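A short worksheet on the structure shown next.
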Amino acid sequence: MEAMRKPNIVFIMADDMGVGDVGCYNSQSKIPTPNMDRLASEGIRFTDAHAPSAVCTPTRYGVMTGRYCWRSRLKEGVIGGYAPPLIEPGRLTIASILKEQGYSTACIGKWHIGATFHDSDGNPTGKEDEVDFAQPITGGPVSVGFDYAFWNAGCGTCAPPYGFIENEKFIDEEFSFLDTGEGGPLNLGRAGQWRGMEGRSWVTRDADPIIAKKACSYIEERAQADAPFFLYLTPNAPHEPCYDQFVPEFARGKSEAGARGDLVWLFDWIVGEVLDSLKLTGQLENTIVIVTSDNGALPGTFTLDDQGNRIDAGTGTREFVYETYGHKSNGDYRGYKAHIWDGGHREPLIVSWPGTIKSGVVSDELVCLTDVMATCAEIAECSLPNDAAEDSVSILPALLGEAPDPIREAVVHHSSFGVFSIRQGKWKVVLGTKTSGGWPTPRGEHPVEGAPGQLYDVEADPGEETDLWDEHADVVARLTGLLNEYRQSGRSVPYRGTGES
């Protein structure tokens with residue numbers, strides 16, 4: 001890297017894709033994923049990689065800041081599409097540090113980390129019926145280090161506002177209310193889609209193909225530039241609700257796992273489009289491509305009645321019925337999205353860097369998606385200050401096959417209901433509950449301080465079937481103490497020198 005231009009970095013993150021969805025992780029997957037499989041054969045595949053949370057907003061915060069989201073104002077769950085910025089003013093992000101190192105930076109896809117909307121008088125508001133959709137949207141991607149952004153604020157498949165924002169303005173001038181029917185306390189209506197404001201040009205099934213086209217256009221534009229680029233690419237697929245009407249026609253029937261499987265195929269197709277654009281523009285050899293997911297998968301597709309309504313519509317329970325097609329979205333790991341068990345947060349993580357990372361490597365290093373920030377900083381030869389990326393460890397040594405063992409002391413997991421877990425070596429302790437800690441079946445509970453938890457030897461018992469809480473009080477005490485140290489100190493990685501940039 002000394003005499004060469006620094007490498008481009010492309011980070012691609014799915015929404016709710018599990019390790020069992022991807023062929024190179026699960027030979028029994030009913031979903032073709034040729035592009036991710038090829039990427040793994042050309043680079044490194046991590047088998048023990050984890051999102052910092054079992055739901056999307058906190059993971060996205062963690063990727064962008066290198067910091068566990070439970071240190072922010074968000075202590076559980078996710079934020080709404082109109083929520084104010086979650087990333088604190090002045091906090092360094094992966095985009096801002098790379099920009100300081102001469103990178104061009106772009107955010108394309110789902111954001112869901114908050115932004116500031118305004119009423120007709122220019123006053124900030126988070127109330128949908130007060131938002132003036134012609135006003136600028138501040139506090140989003142361009143406020144945290146991105147030169148260019150083409151994004152949707154909430155979840156493109158189910159959470160309004162439904163519309164693309166280019167930098168700080170909606171591309172649509174006209175919005176109308178999308179009435180999906182009554183949906184109980186959660187406001188989920190017909191086909192499980194939230195009611196709310198929708199831009200005139202917005203079509204849910206077309207959103208991800210548009211995102212892919214924008215990403216490829218950006219790659220083509222950067223081909224002749226002198227500076228390297230960082231692309232943060234976050235499609236909405238395969239997030240719920242997974243119905244045929246939300247799947248682009250060219251993707252329908254591409255899997256043997258229903259509409260949700262087709263949406264995983266769509267994500268893999270996007271990966272392929274990006275790789276093709278990099279190759280056609282001559283940039284692939286000097287580009288690091290990172291592919292992962294923001295949390296674990298749900299088990300399948302919601303079941304509908306003859307009128308196209310969710311069977312449980314109106315109950316507001318989120319206790320959905322699924323069709324699984326014999327496909328294990330999270331492999332043999334226990335649990336699903338939102339759960340504290342590994343099915344909620346163990347992720348596919350594939351990294352390719354032609355000529356630098358050896359081909360076909362499989363790593364069992366314990367890593368976390370918060371580590372992306374410190375890794376990119378080291379690649380860009382940037383020193384991080386102590387008040388940034390407090391939970392981020394560079395995994396560059398692991399990418400290069402030079403990692404100490406282990407590269408990380410421990411990883412903290414967090415469920416949608418705020419349940420904490422900490423993993424160190426073969427041991428994983430869950431605190432304050434004997435349940436899943438999340439909303440999908442089996443629905444869990446919020447943690448109770450001091451209540452019995454769970455302990456698993458995940459090497460001998462990767463499916464977390466045998467709770468050893470009562471047998472190893474010493475392990476529980478040690479890991480609980482380490483977690484408390486991480487929570488109280490404000491960081492989980494060692495201090496970095498003087499703390500100056």
Side-chain angles (χ1 to χ4, degrees), residues 48-59 61-62 67-78 295-296 330 333-347 366-371 390-391 393 406 408-493:
D48 204 357
H50 298 261
S53 172
V55 284
C56 64
T57 293
T59 288
Y61 175 95
R67 183 176 185 243
Y68 290 132
C69 189
W70 42 263
R71 301 193 192 278
S72 75
R73 74 171 192 267
L74 184 67
K75 306 303 182 184
E76 62 178 80
V78 301
N295 46 249
N330 294 317
Y333 298 106
R334 186 182 184 185
Y336 298 102
K337 170 185 176 177
H339 290 166
I340 196 61
W341 300 316
D342 269 24
H345 47 77
R346 188 182 287 247
E347 309 304 328
L366 175 63
V367 298
C368 182
L369 295 188
T370 55
D371 297 336
E390 295 95 327
D391 301 301
V393 175
R408 243 185 177 281
E409 181 180 42
V411 169
V412 178
H413 311 307
H414 207 226
S415 81
S416 63
F417 288 170
V419 172
F420 278 99
S421 172
I422 186 168
R423 164 80 184 285
Q424 186 180 50
K426 70 177 185 177
W427 293 111
K428 174 182 176 181
V429 66
V430 177
L431 297 178
T433 184
K434 290 288 189 182
T435 72
S436 69
W439 51 263
T441 305
R443 186 179 179 87
E445 299 173 348
H446 287 75
V448 175
E449 187 174 356
Q454 305 163 58
L455 178 69
Y456 301 101
D457 176 349
V458 294
E459 289 184 4
D461 178 27
E464 297 173 87
E465 297 177 352
T466 304
D467 183 355
L468 302 174
W469 177 270
D470 294 329
E471 284 82 352
H472 296 280
D474 57 330
V475 176
V476 170
R478 177 171 57 80
L479 292 182
T480 301
L482 182 60
L483 175 59
N484 288 338
E485 178 185 328
Y486 286 171
R487 295 177 67 180
Q488 294 165 9
S489 67
R491 63 188 308 110
S492 61
V493 301

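Treat the numbers as computed from the prediction; the structure is a model and nothing was measured.
- Across all non-hydrogen atoms, the minimal contact from V458 to G425 is CG2-O, 4.4 Å.
- How far SG of C56 is from NZ of K337: 5.5 Å, rounded to the nearest 0.5 Å.
- Looking only at side-chain heavy atoms (C-beta outward), H50 and H413 come within less than 4.5 Å of each other.
- In terms of heavy-atom proximity, V430 sits nearest to S421 at CG2-OG, 3.8 Å.
- Of the possible donor and acceptor atoms, none in the side chain of T441 sits under 3.5 Å from a partner among the backbone N and O of R443.
- Q424 and A410 get closest at one heavy-atom pair: CB-CB, 4.1 Å.
- In terms of modelled atom types and a separation under 3.5 Å, the side chain of S436 and the main chain of G444 share a donor-acceptor contact.
- Nearest heavy-atom pair across P442 and W341 is CG-CZ3, 3.9 Å.
- A 4.5 Å side-chain heavy-atom check between L468 and D470 finds every atom pair outside the cut-off.
- Between the side chain of E445 and the main chain of G437, no donor-acceptor pair closer than 3.5 Å is present.
- With hydrogens and angles ignored, the 3.5 Å screen pairs a side-chain donor or acceptor of H339 with a backbone N or O of P440.
- A tilted orientation is assigned to the rings of W427 and H472, their planes being inclined by 30° to 60°.
- Between R491 and Y68, the side chains place no donor N or O within less than 3.5 Å of an acceptor N or O (distance only, hydrogens not considered).
- Side-chain contact, R67 with Y61: a donor N or O sits under 3.5 Å from an acceptor N or O.
- The shortest distance between side-chain heavy atoms of E409 and V493 does not fall below 4.5 Å.
- Atom OG of residue S415 and atom CG of residue N295 lie 12.0 Å apart, to the nearest 0.5 angstrom.
- Between the side chains of D391 and T370, not a single donor N or O lies within less than 3.5 Å of an accepting N or O.
- At a threshold of 4.5 Å between non-hydrogen side-chain atoms, the residues V78 and P58 count as touching.
- The line from CD1 of I422 to CG of L482 is 4.0 Å long, rounded to the nearest 0.5 Å.
- The two residues A338 and W439 come nearest to each other via the heavy atoms CB-NE1, 3.7 Å.
- At distances below 3.5 Å, not a single donor-acceptor pair connects side-chain atoms of D457 with backbone N or O atoms of D461.
- Nearest heavy-atom pair across G453 and D467 is O-OD2, 3.6 Å.
- With rounding to the nearest 0.5 Å, the separation of CD1 in I340 from NE2 in H345 is 5.0 Å.
- Rounded to the nearest 0.5 angstrom, K426 NZ and L366 CG are separated by 15.0 Å.
- When only modelled atom types and interatomic distance are considered, H446 and E76 share a side-chain donor-acceptor pair under 3.5 Å.
- Under the 4.5 Å side-chain criterion, counting only non-hydrogen atoms from C-beta, V367 is not in contact with D48.
- Using a 4.5 Å heavy-atom threshold, the side chains of D342 and P462 count as separate.
- With no hydrogens or angles considered, no side-chain donor-acceptor pair links Y486 and E390 at under 3.5 Å.
- In this structure, Y456 and E465 have side chains that are not in contact, with every pair of non-hydrogen atoms separated by 4.5 Å or more.
- The salt bridge (Lys or Arg N to Asp or Glu O under 4.0 Å) test with E464 singles out one residue from R346, R423, K428, and that residue is K428.
- Of the possible polar contacts, none joining the N330 side chain to the G296 backbone as a donor-acceptor pair under 3.5 Å is found.
- T480 is listed as a side-chain neighbour of L431, based on a closest heavy-atom distance under 4.5 Å.
- The distance between the ring centers of F420 and W70 falls below 6.0 angstrom.
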List the steps, then state whether side chain to side chain contact (heavy atoms under 4.5 Å, CB included) holds for V55 with H414. CA-CA 9 Å; V55 284; H414 207 226; over 6 Å; no

